[in-house]
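Input: a single structure, listed below in structure tokens.
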Amino acid sequence: MRNEEIATRFSEIADMLDILGEDTFRSLSYQRAARQLESLTENVEDLVREGRVDQIPGIGRALAEKITEYVTTGRIPYYDELRAKFPPGVLDLLKVRGLGPKKVKVLWQELGITDLDTLKAAAEKHLLRRVKGFGEKTEENILRAIELVKEGEARTFLADAARIVDGITERMKAGKTVERIEAAGSFRRMRETVGDVDILAVAKDRAAAGAAFERLPGVVEVLASGETKVVVRLEYHDYEGSRRTIQVDLRILDPDSWGAGLQYFTGSKDHNIRLRTMAERRGLKMNEYGVFRDEKRIAGDTEESMYSTLELAWIPPEMREDQGEIDLAATGRLPELVELPDIRGDFHVHTNATDGTEPLEAMVEAARRRGYAFVGISDHSVSATVAGGMTAEQALSRRDRVRALNRESKDFTVLLGTECDILDGGEMDYPDDVLKELDFVIASVHSRFTLPEETQTARIVAAVQNPHVNILGHPTTRQIGWRGPIQLDLDDVFKACAKAGTAIEIDADPRRMDLNSTQARAAKNAGCTISVDTDSHASGNLVWMRFGVGTARRAWLTAAEVLNAWPLEKIRDFLR
DNA sequence: GCCGTTTTCGGCCCGACTGTTTTCAGTCG
């Protein structure tokens, strides 16, 4: 898939056009096209082959031509031409908070600043304040912001964002300065990572609420502090213990505008633009304060009122990405998305028999306490040496322990499975006569990540066609911020899974989120069944199911399409 | 650059905040 490569180039073209001071609407077109390509479920190469590129919303004749050029020749001449005008580091300057295209242009053309290093040196020598529009304060802010550039590129894992959001809302509620408080933005849309956290609140005394927000534990810097908006940088430790920071915005709303603010700040941007356009056609004005006819507010206290004014059903936040959801809402065809309470169990759970930290019984008990009907134990197979993989004999030896547990309890079932390595040529790490003795089999890649696409695809297709394999685990093996996805023709894998009756996983480990929502939606469209699992290595990890379900909802999945939302009897049929 | 059931030309979201200004430009979301 070259969707992301093209998206990146379009996004860079937009940056370059901005710095050159070209028409901003042209730049916006490139940005919008880039976002569309990122969330496109189809392979853009297929669309080119079928002559359907210009059917992508936001892609017209000119951009369709550039996409076609890239797919057929590997180059976009217009991109190369623009790129040649810029020293390599100039676009990096845009990553500095407070520096936009206008300021970057001035720094580059008047001071010859072409990368972050020369910018830092110039600011330290107080050269910036000599330029019109720059002062002492800007210079100081730039020096601080340079330090944050690297960190700013690292987005926050969804699970960490959730802990931050929960911590802030609890503390603000306890402080009694807010009457109502809720997170919006990409967190509410359950994106796999979030860039910053948006918190909305209603407060009688705005100043007091703002002050309480600025004094939250972990606040290391106050970036803005107005009557309706306060922005801070907050320090936190991620789920693996590393110290990081994130920007948190607080917006203080009137109760009458609560729904409008929630809708507006939840986004996405493209979803909102489409709604506003619809409002305009009806002679209405839509913003973060409500929907207005002339000067009169006709909606805004609830999100439902905002949507119903446009004759739309309320759209779940996870679907608000301008991917066709508005048309469905207009015609009453929104899918009934899977919800956390629909989930009856978790197939991907490790114990201390391999690289988990707790015994089988402890993991079982933790799953039972979550209200599940079943848990699948899936420890590593022998070839996963770094994870302490079990031999076939060890894997089968636990059958008695599991039978005993199942005898004890009528309303809870332990399924004994394996996360079995896919070997070099697509063979399974255990022989078939071992696999068939287990209740289920997850097949996963833990080696040979760099195989060429064709070989890797053939390897995985062979694995999912094994009649004993039930679920393909973390299909792309990517780990956010560490390792990219393996080279894989996912379309072929989806087709093979759908045909073979093998489910495909959304692995909800915060670093994995694999499949991601776009891929999961493509899998759904290919007719695959999806299994949403946590890949837990400790009982505390079982809570990650919330984020796996969030990803499933972003993929428009219903409970009927999620394997572990089915009744146990139906699941047993599927595993047979 | 894109787009069209008021348009194939003329629109394209806009409000909050900061820091620089002497009344507002630039950035951000």
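Proteins get letters first, then strands, A, B, ... in listed order; numbering begins at 1 in each.
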Checklist entry - Taking only residues two or more places apart in sequence, or in another chain, which ones meet A/Glu170 in a side-chain contact (heavy atoms from CB on, under 4.5 Å)? => result A/Asp166

Checklist entry - Does a side-chain N or O from A/Gln247 land closer than 4.0 Å to OP1 or OP2 of B/dG29, or not? => result yes

Next on the checklist: Take a 6.0 Å sphere around CD of A/Glu4 and say whether it holds more than 12 heavy atoms from other residues, nucleotides or ligands.
Outcome noted: no

Scan nucleotides 3-12 of chain B against the protein and return all N/O pairs shorter than 3.5 Å with their distances rounded to 0.1 Å.
| unit_1 | atom_1 | unit_2 | atom_2 | d |
| --- | --- | --- | --- | --- |
| B/dC3 | OP1 | A/Gly58 | N | 2.9 |

Checklist entry - Which part of the nucleic acid, if any, lies within contact of A/Ser27, taking any heavy atom under 4.0 Å across all strands shown: a base, the sugar-phosphate backbone alone, or nothing? => result nothing

Checklist entry - What string of B, S and - do you get for nucleotides 19-25 of chain B, 5' to 3', when a contact is any protein heavy atom under 4.0 Å? => result SS-----

Checklist entry - Just checking A/Leu99: base, sugar-phosphate only, or nothing, at a heavy-atom cut-off of under 4.0 Å? => result sugar-phosphate

Checklist entry - Side chains of A/Arg188 and A/Thr266: do they bring a donor and an acceptor to under 3.5 Å? => result yes

Checklist entry - Between residues 288-297 of chain A and DNA chain B, which residues have a heavy-atom gap below 4.0 Å? => result A/Glu288, A/Tyr289

Checklist outcome for this item: Closest of B/dT18, B/dA16, B/dG1 to the A/Leu63 side chain is B/dG1

Checklist outcome for this item: Numerically ordered, the residues 102-110 of chain A set in heavy-atom contact under 4.0 Å with DNA chain B is A/Lys102, A/Lys103

Kindly list each side-chain donor-acceptor pair under 3.5 angstrom involving residues 55-70 of chain A, sequence neighbours excluded, with atom names and distances?
| unit_1 | atom_1 | unit_2 | atom_2 | d |
| --- | --- | --- | --- | --- |
| A/Thr68 | OG1 | A/Ala64 | O | 2.7 |
| A/Tyr70 | OH | A/Glu5 | OE1 | 2.7 |

Item to check | For B/dT7, glycosidic torsion class - syn if within 90° of 0, otherwise anti | outcome: syn

Listed pairs under 3.5 Å, donor-acceptor, residues 327-340 of chain A side chains, sequence neighbours left out:
| unit_1 | atom_1 | unit_2 | atom_2 | d |
| --- | --- | --- | --- | --- |
| A/Thr331 | OG1 | A/Asp327 | O | 2.9 |
| A/Thr331 | OG1 | A/Leu328 | O | 3.4 |
| A/Thr331 | OG1 | A/Arg333 | NE | 2.9 |
| A/Thr331 | OG1 | A/Arg333 | NH2 | 3.3 |

Checklist entry - Between A/Thr228 and B/dC17, does any side-chain N or O lie under 4.0 Å from OP1 or OP2? => result yes

Checklist entry - What nucleotide among B/dC2, B/dC13, B/dA16 has an atom nearest to a side-chain atom of A/Lys229? => result B/dA16

Checklist entry - Choosing from B/dG29, B/dC2, B/dC17, which nucleotide comes nearest the side chain of A/Tyr264? => result B/dG29

Item to check | Within residues 298-330 of chain A, residues whose heavy atoms come under 4.0 Å of DNA chain B | outcome: none

Checklist outcome for this item: Across all chains, not counting sequence neighbours, the ring pair (Phe, Tyr, Trp, His ring centres under 6.0 Å) partners of A/Tyr30 are A/Phe10

Quiz: residues 286-293 of chain A side-chain donor-acceptor pairs under 3.5 angstrom, not counting sequence neighbours:
| unit_1 | atom_1 | unit_2 | atom_2 | d |
| --- | --- | --- | --- | --- |
| A/Asn287 | OD1 | A/Tyr289 | N | 2.8 |
| A/Asn287 | OD1 | A/Gly290 | N | 3.3 |

Checklist entry - With A/Thr169, which residues qualify under side-chain hydrogen bond (donor to acceptor under 3.5 Å, both in side chains), at least two apart? => result none

Checklist entry - Taking only residues two or more places apart in sequence, or in another chain, which ones meet A/Val543 in a side-chain contact (heavy atoms from CB on, under 4.5 Å)? => result A/Arg370

Checklist entry - Nearest to the side chain of A/Pro101, which nucleotide is it out of B/dG15, B/dT27, B/dG1? => result B/dT27

